[in-house]
> 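Mind looking over this structure? Questions follow.
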Amino acid sequence: MKLDELLIKLNYKLINGETSAEINRMVYDTRQKMSRGDVFVCIRGAVYDSHDYIKDAAAAGVTAVIVERDIDITDELSALTVIRVDNTRLALALMSAEFFGNPAKQLFTIGITGTKGKTTTTFMVREILEKCGIPTGLIGTNEIIIGDEHIPALNTTPESYKIHEYFRKMADIGCKCVVMEVSSQALKLDRTAGIYFDIGVFTNLEPDHIGPNEHESFEDYVRCKGLLFRQCKTGIVNSDSEHADEVLKDHTCEVETYGLNADAGIRADNISYVHNGGNFSTSYDVSGTVKLHAKLTLPGLFSVYNSLCAIAVTRHFKVSEELLLKALYEVKVEGSVEPVKVSDDFIVMIDYAHNAMSLESLLTTLKEYNPNRIITVFGCGGNRSRDRRFEMGEISGKMSDFTVITSDNPRTEEPEDIMNDIETGIKKTDGKYIKIADRAEAVRYAVSMGERGDIIVVAGKGHEDYQEIKGVKYHMKDRELIEAASEQ
């Protein structure tokens, strides 16, 4: 592919060289090996600036570089084609789309943004579409799914080059649709720039990701979420969110709504929570533009919202009611209120709740099912805020009938020190607890306590399949720990 073909959507200035050069590969990460025929897109990150590696790229023989700051064309750079743009992240996104043949145009694209619910809703939508015979790819926090291939995810939304690479693979194997999580950071950093989504979804919004390397303020967080609704055809919005109007400010899409309020286009009424020994279910009536009775094996009001959103999205595919209801009942999301069947008497479940807000939300939800007891197993990650440990300890002490304090990812800290901090929080309450550093033993202890009507929660790690200790990741998966405990 010629360089000028990659640049077709860009406003740029040619600083040196010529644009008719043949390009074999795009490179944007300095850890990648560079060679002749490459175009190196220089990205400014929070920690590093790859403009500082242009001389290394030239020495490796790259054909062209894309920059967003002035550079001196010294003798060692004289053979380089140098292209100046205002925003190299935007350039990377638009060039990547051209490089892979604009695969987004071959797929029905669904982008989901929000503080909570993105992962579950994404999986729900894919599950429903797949069961209805619509091959659908997925890009999300847990993984990327392309046909039968499952790729571990590094970010909620990958870099733009990877997005289009995944889109290309999806289109090539016959996917008709892709559903993806779109984080506020991805919108802020132009990772999805140039993609005109067929459907954009907003789930909810709470203060999160505010900090030096994320969003400077809550207002900036809201603004970035809202960017999705200037690059989609149809926006589907949770109208119960107090920030819905702010997110939709300056939108350019057709808007549809879902929620519990009377004005929502698709509404949930008559919500029922049932807990029966080793199982629980949630059911509700759907009214408005869709009318049916939905039943889930996932708990809580947040599952109602997530499934209602999935119904609103899949309505655009004219999914049959029978297949839709079957998919909603069977859907499960790894590591997110994920039940693991070990007994007909009590429930054991896994959840990613790893801060006080998410743990409180989870335990509040489980109390709605009137369990005999809630037993919570959790730890906290090392090299992270100590306040999180105190807060989570206090929440579990107040809301659980019994807590098993254990190890999560201690990283470079001693597990006992982290557990002691959690204990400090729990001692502010009357909550009963025990400390067991070995996570497998902690899970085994909790499962052995199970009585009829109990709900046992193993929280913190969710879908993760490792435990990080002193810089080394060892295989560990909560589902496997629970299954092993149930066999003893």
Side-chain angles (χ1 to χ4, degrees), residues 110-125 127-128 179 181-182 184 197-208 218 221-222 225-230 232-273 281-296 298-317 319 321 324-325 327-329 331 333 336-337 357-358 360-362 364-365 368:
I110 304 166
I112 300 179
T113 198
T115 306
K116 294 179 180 178
K118 295 190 299 295
T119 300
T120 302
T121 306
T122 299
F123 271 85
M124 279 186 172
V125 170
E127 185 83 4
I128 293 166
V179 56
E181 297 182 50
V182 182
S184 56
F197 290 93
D198 290 285
I199 293 177
V201 175
F202 168 66
T203 59
N204 53 57
L205 196 66
E206 295 179 14
D208 199 4
F218 181 67
Y221 183 48
V222 174
K225 290 289 188 191
L227 294 175
L228 178 60
F229 302 97
R230 302 179 209 173
C232 69
K233 180 180 179 181
T234 301
I236 296 178
V237 175
N238 174 6
S239 59
D240 289 348
S241 170
E242 63 177 299
H243 301 289
D245 289 342
E246 297 168 71
V247 168
L248 285 174
K249 183 181 179 182
D250 299 325
H251 71 85
T252 57
C253 59
E254 296 291 326
V255 176
E256 299 175 5
T257 60
Y258 69 94
L260 307 188
N261 69 85
D263 295 328
I266 296 178
R267 301 181 296 281
D269 300 299
N270 305 318
I271 300 170
S272 174
Y273 304 119
S281 64
T282 306
S283 61
Y284 61 94
D285 294 322
V286 184
S287 58
T289 54
V290 176
K291 293 179 174 59
L292 50 83
H293 180 73
K295 187 173 182 180
L296 317 170
L298 298 172
L301 186 59
F302 52 76
S303 294
V304 172
Y305 276 110
N306 294 339
S307 57
L308 199 61
C309 179
I311 292 168
V313 170
T314 54
R315 183 178 74 89
H316 288 261
F317 294 84
V319 170
E321 182 175 321
L324 173 60
L325 293 177
L328 287 171
Y329 184 75
V331 70
V333 180
S336 178
V337 289
M357 182 174 66
S358 57
E360 183 174 21
S361 174
L362 174 64
T364 299
T365 291
E368 293 173 340

> Would you find a donor on one side and an acceptor on the other, under 3.5 Å apart, between the side chain of T364 and the backbone of E360?
yes
> Taking atom CG of D245 as the centre, does the number of heavy atoms from other residues, nucleotides or ligands within less than 6.0 Å exceed 12?
no
> Side chains of I128 and L324: closer than 4.5 Å at any heavy-atom pair?
yes
> Taking the side chain as C-beta and beyond, is there a heavy-atom pair between K295 and S281 under 4.5 Å?
yes
> Is the shortest side-chain heavy-atom distance between I112 and I199 below 4.5 Å?
no
> Go through I271 and L301 one step at a time and tell me if the side-chain contact (heavy atoms from CB on, under 4.5 Å) criterion holds.
CA-CA 8 Å; I271 300 170; L301 186 59; 3.8 Å; yes
> Looking at every heavy atom in both A264 and G259, which two are closest together, and how far apart are they?
CB-N, 3.5 Å
> Would you kindly say whether Y221 and T115 are connected by a side-chain donor-acceptor distance under 3.5 Å?
yes
> Tell me the closest heavy-atom pair linking A268 and V304, and the distance in Å.
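So the minimum-distance heavy-atom pair works out to CB-CG1, 3.8 Å.
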> Evaluate whether atom CZ of F317 has more than 12 neighbouring non-hydrogen atoms of other residues, nucleotides or ligands under 6.0 angstrom away.
yes
> So L328 and I311, do their side chains get closer than 4.5 Å, heavy atoms only?
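Side-chain contact under 4.5 Å: yes.
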> Identify the heavy atoms of K291 and E321 that sit nearest to each other, and give their distance.
O-OE1, 4.0 Å
> Mark yes or no for whether T282, through its side chain, and L298, through its backbone, hold a donor-acceptor pair below 3.5 Å.
yes
> Can you tell me how far apart OG1 (T122) and CD (E127) are? Round to the nearest 0.5 Å.
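If we round to the nearest 0.5 Å, T122:OG1 and E127:CD are 13.0 Å apart.
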> Looking just at side-chain N and O atoms, do N238 and T203 make a donor-acceptor pair shorter than 3.5 Å?
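No, T203 and N238 have no side-chain donor paired with an acceptor closer than 3.5 Å.
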> Answer whether the closest heavy-atom distance between the side chains of L308 and V286 falls below 4.5 Å.
yes
> If a pair satisfies side-chain hydrogen bond (donor to acceptor under 3.5 Å, both in side chains) and one of its residues is in residues 301-317, list it, with sequence neighbours excluded.
T121-N306, D240-Y305, E256-R315, E256-H316, Y284-S307
> Could you walk me through whether T113 and F229 pass the side-chain contact (heavy atoms from CB on, under 4.5 Å) test, one step at a time?
CA-CA 10 Å; T113 198; F229 302 97; 4.3 Å; yes
> What distance separates S184 OG from L228 CG, expressed to the nearest 0.5 Å?
11.5 Å
> Do the side chains of S239 and Y258 get nearer than 4.5 Å, heavy atoms only?
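Side chain of Y258 against side chain of S239, heavy atoms only: no contact under 4.5 Å found.
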> State, yes or no, whether a side-chain contact exists between T234 and C253 at a heavy-atom distance under 4.5 Å.
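With C-beta onward as the side chain, the pair stays apart.
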> Start with the C-alpha distance between V182 and F197, add both sets of side-chain angles, then the distance that settles side-chain contact (heavy atoms from CB on, under 4.5 Å), and finish with yes or no.
CA-CA 11 Å; V182 182; F197 290 93; 4.0 Å; yes
> Just so I know, are the side chains of Y329 and L296 near enough to count as touching, which here means a heavy-atom distance under 4.5 Å?
no
> Quick check for you: to the nearest 0.5 Å, what is the distance between C309 atom SG and F202 atom CZ?
10.5 Å
> If every non-hydrogen atom of V237 is compared with every non-hydrogen atom of A244, which pair is closest and at what distance?
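It is CG1-CB, 3.9 Å.
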> Please report the interatomic distance OG(S361) to CZ(F302), rounded to the nearest 0.5 Å.
5.5 Å
> Check whether R230 reaches the backbone of L227 with its side chain - one donor and one acceptor, N or O, closer than 3.5 Å.
no
> Counting only heavy atoms not in E246, do more than 12 fall under 6.0 Å of its CD?
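It does: E246 CD has more than 12 such atoms within range.
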> Taking K225 for the side chain and G114 for the main chain, is one N or O donor matched with an acceptor at less than 3.5 Å?
yes
